[in-house]
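Excluded from the calculations below are hydrogen atoms, water molecules and symmetry mates; all remaining heavy atoms, backbone and side chain alike, are included. Counting from 1, the numbers follow the sequence of the chain as shown.
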Amino acid sequence: MTDPNLSATVHRIVADQPVTDLHTHCFAPRFGHSTDGTGRGLMLWGIDELVTYHYLIAEVFRVVTPDKLPYDHFWKMSQTQRADHIWKHLFVDRTPISEACRGVLTTLSKLGLDPNEKTLDPYRKWFADQDADAHVDKVMQIANVDSITMTNEVFDEHERQLWLDNPSLGDDPRFRPVVRIDPMVCDWPDASEKLSAWGYQVNSDLTAGAIDEAKRFLNDWIDRTRPAYVAASLPPTFMYPASSVKNSPASRATNETALTQVVLPVLEDRGLSFAMMIGVHRGANPSLRSAADISGKADTQAVANLCAAFPGNRFLVTMLSLENQHELCVAARKFGNLMPFGCWWFLNNPSIIESMTRMRLEMLGTGFIPQHSDARILDQLIYKWDHSRRAIANVLTEKYDGLARAGYRVTEHTIRSDVQRLLRDNTRAFCQTR
Ligand code: FIX
Ligand code: ZN
């Protein structure tokens with residue numbers, strides 16, 4: 001017998017479960033914030049940030065094409081003007097039906113605002129009355145997020161300086177730091193120039209002494225930030241071993257040395273996971289700036305090879321291409337040190353979250369992390385989690401219904417412990433945080 005209230009029960013339990021958000025680009029207020037007057041604050045929040053999110057910049061150029069509004073004119077506008085332009089064309093003149101548009105509406109509604117305003121002024125007034133620090137608590141409470149994992153770009157000069165100037169920068173208990181090291185594994189020569197300038201004796205060939213110095217750099221940042229894990233995003237062309245690619249350029253081998261002889265040994269030693277976000281091709285249309293990137297199919301064999309070659313390391317892996325998802329699940333069935341996570345970026349749409357979650361449940365049981373928000377603007381936590389929770393609950397309902405049909409007794413307790421595992425405990429266990 002299936003329970004006629006099953007769907008409502010599952011949706012309620014999923015909504016009530018606090019989420020530990022594994023990957024965001026949100027920052028604690030002590031990193032400075034977008035309305036603090038410095039123009040350099042890293043914590044982004046408020047209506048103008050929400051409406052000028054890079055997903056929406058890409059979308060507005062599809063309707064007001066660059067022949068009508070050249071890119072450089074758009075970038076010369078103030079942020080207020082850009083937000084007004086996007087609001088007019090995507091939210092007033094057209095139905096805001098895309099996922100990124102609907103997300104702004106969900107966020108406004110859940111903050112208690114009417115999302116039907118024709119101009120942004122009422123929202124601007126409302127946000128101007130909020131206090132940044134108190135707003136973090138409010139957003140976390142509405143989104144039901146118990147911990148926000150940041151992305152701390154240690155190769156970014158501004159952020160680096162903030163960390164050097166303030167030893168307690170990472171101490172806000174609501175936010176967990178993550179050391180993000182893309183240049184180290186994607187462009188070692190560039191990373192090595194920076195490390196040299198910062199006083200580490202490295203070289204672009206990464207010879208023996210340089211390896212020790214590169215390890216010292218990574219260890220210093222782990223000590224300074226006490227991260228949940230260390231992360232990098234990688235292009236679709238990422239391969240391991242690099243030598244398996246014919247005529248592979250020398251730079252690939254050096255990047256691989258940085259990964260296998262610096263990053264992975266340090267992380268094993270420090271008991272930290274390595275998050276690999278694979279499949280982003282940066283700057284496909286550079287005129288779009290932050291919205292310029294596209295996705296590409298990568299090789300999941302590289303992930304399997306790394307998991308096999310480095311059994312002492314734990315790998316959190318998300319892949320950007322839809323085509324990679326099945327193979328990633330297959331690889332995860334073979335390697336306990338591989339944890340698939342999230343429906344990243346262009347995959348963060350309800351239809352895709354549902355199909356990926358369904359496939360992952362079918363192939364991995366509850367042994368995966370179904371979603372991360374990737375929120376860049378604090379307020380986005382509200383919609384990203386609201387929309388994802390609904391998609392996840394829809395799929396779980398279907399699966400519990402199937403179990404009931406097979407004669408299994410599905411209780412509220414069963415559902416609650418599965419949901420807790422999926423939205424919170426798998427993340428904490430794999431990152432070995434309480
Ligand atoms: O590399 C990343 O962590 C990506 O998630 C971001 O760079 C990207 O801009 C984004 O916000 C996707 O959601
Ligand atoms: Zn991200």
Side-chain angles (χ1 to χ4, degrees), residues 22-23 25 27 31 149-171 175-235 238 240-242 251-278 302-303 306-307 309-317 337 339 430-433:
L22 178 66
H23 170 68
H25 299 265
F27 285 87
F31 288 75
T149 315
M150 298 183 282
T151 295
N152 303 102
E153 309 261 6
V154 299
F155 282 88
D156 175 87
E157 283 292 352
H158 173 62
E159 185 170 357
R160 170 186 151 78
Q161 204 52 51
L162 292 179
W163 282 102
L164 296 179
D165 291 346
N166 182 358
S168 55
L169 194 63
D171 288 356
F175 293 82
R176 221 30 236 282
V178 160
V179 173
R180 178 80 176 240
I181 54 158
D182 295 19
M184 270 184 105
V185 293
C186 296
D187 188 358
W188 172 255
D190 178 52
S192 97
E193 263 180 41
K194 293 205 161 113
L195 263 64
S196 301
W198 296 331
Y200 297 87
Q201 307 300 306
V202 294
N203 50 43
S204 57
D205 298 333
L206 206 45
T207 47
I211 288 179
D212 289 342
E213 281 290 279
K215 284 181 169 175
R216 184 166 71 85
F217 167 78
L218 189 52
N219 272 312
D220 285 350
W221 278 98
I222 291 171
D223 292 338
R224 186 169 288 128
T225 61
R226 296 186 302 281
Y229 57 87
V230 170
S233 73
L234 294 154
F238 174 69
Y240 176 79
S251 59
R252 264 186 197 251
T254 328
N255 292 340
E256 183 171 294
T257 307
L259 172 63
T260 58
Q261 295 188 43
V262 177
V263 177
L264 296 180
V266 167
L267 298 191
E268 181 176 2
D269 187 45
R270 303 295 298 257
L272 289 168
S273 299
F274 184 48
M276 298 195 294
M277 309 181 65
I278 310 172
V303 175
L306 272 171
C307 292
F310 295 89
N313 283 98
R314 297 190 306 282
F315 297 91
L316 285 157
V317 176
N337 59 342
M339 178 61 86
F430 205 78
C431 296
Q432 300 189 346
T433 50

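- Side-chain contact between L316 and C431: present, with at least one pair of heavy atoms (C-beta onward) separated by less than 4.5 Å.
- With rounding to the nearest 0.5 angstrom, the SG atom of C186 is 4.5 Å from the CG atom of L234.
- Taking all atoms of both residues into account, the shortest heavy-atom contact from P183 to D190 is CB-OD2, 4.1 Å.
- Looking only at side-chain heavy atoms (C-beta outward), W163 and V154 stay at 4.5 Å or farther from each other.
- Residues M276 and V317 form a side-chain contact, since some pair of their non-hydrogen atoms from C-beta on lies under 4.5 Å apart.
- Counting only distance, with no hydrogens or angles, the side chain of E159 and the backbone of E153 share a donor-acceptor pair below 3.5 Å.
- Atom CD1 in I222 sits 5.0 Å away from atom CZ in R270 (nearest 0.5 Å).
- A donor-acceptor pair is defined here as one N or O able to donate and one able to accept, closer than 3.5 Å; no such pair exists between the side chain of N313 and the backbone of L267.
- Looking at heavy atoms from C-beta onward, K215 lies out of side-chain contact with L218 at the 4.5 angstrom threshold.
- A salt bridge links R226 with D171; the closest basic N to acidic carboxylate O contact falls under 4.0 Å.
- With hydrogens and angles disregarded, no donor-acceptor distance shorter than 3.5 Å links the side chain of N152 to the backbone of V179.
- Here the shortest heavy-atom pairing between A228 and T149 reads CB-CG2, 4.4 Å.
- Of the possible donor and acceptor atoms, none in the side chain of W188 sits under 3.5 Å from a partner among the backbone N and O of R252.
- In terms of heavy-atom proximity, V178 sits nearest to P227 at CA-CB, 3.9 Å.
- With a 4.5 Å cut-off on side-chain heavy atoms, H25 and R180 count as touching.
- Between F155 and L195 there is a side-chain heavy-atom pair separated by less than 4.5 Å.
- Not one N or O on the side chain of S192 forms a donor-acceptor pair closer than 3.5 Å with the backbone of L206.
- Classification of D156 and K194 as a salt-bridged pair fails, no side-chain N sitting under 4.0 Å from a carboxylate O.
- For the atom pair CE (M339) and SG (C307), the distance works out to 11.5 Å, reported to the nearest 0.5 Å.
- The CD atom of E157 lies 5.5 Å from the CH2 atom of W198; values are rounded to the nearest 0.5 Å.
- Pairing each heavy atom of V202 with each of A210, the nearest pair is CG1-O, 3.6 Å.
- A distance of 7.5 Å separates OG of S196 from CG of N203, quoted to the nearest 0.5 Å.
- Within the cation-pi definition used here (under 6.0 Å to the ring centroid, within 45° of the axis), R224 qualifies as a partner of W221.
- From M184, atom CE reaches atom CG of D182 across 11.5 Å, with rounding to the nearest 0.5 Å.
- In this structure the side chain of L264 reaches within 4.5 angstrom of the side chain of L306, judged on heavy atoms.
- Side-chain atoms of T260 and F310, non-hydrogen and from C-beta on, do get closer than 4.5 Å to each other.
- Minimum heavy-atom separation, L259 to F238: CD2-CZ, 3.9 Å.
- Judged by distance alone, the side chain of Y229 and the main-chain N or O of R314 form no donor-acceptor pair under 3.5 Å.
- Contact between T225 and P177 at its shortest, heavy atoms only, is O-CG, 3.2 Å.
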Discussion item. What verdict does the salt bridge (Lys or Arg N to Asp or Glu O under 4.0 Å) test give for R216 and D223, after you've listed the backbone C-alpha separation in whole Å, the side-chain angles of each residue and the deciding distance to 0.1 Å?
Written reply: CA-CA 10 Å; R216 184 166 71 85; D223 292 338; over 6 Å; no
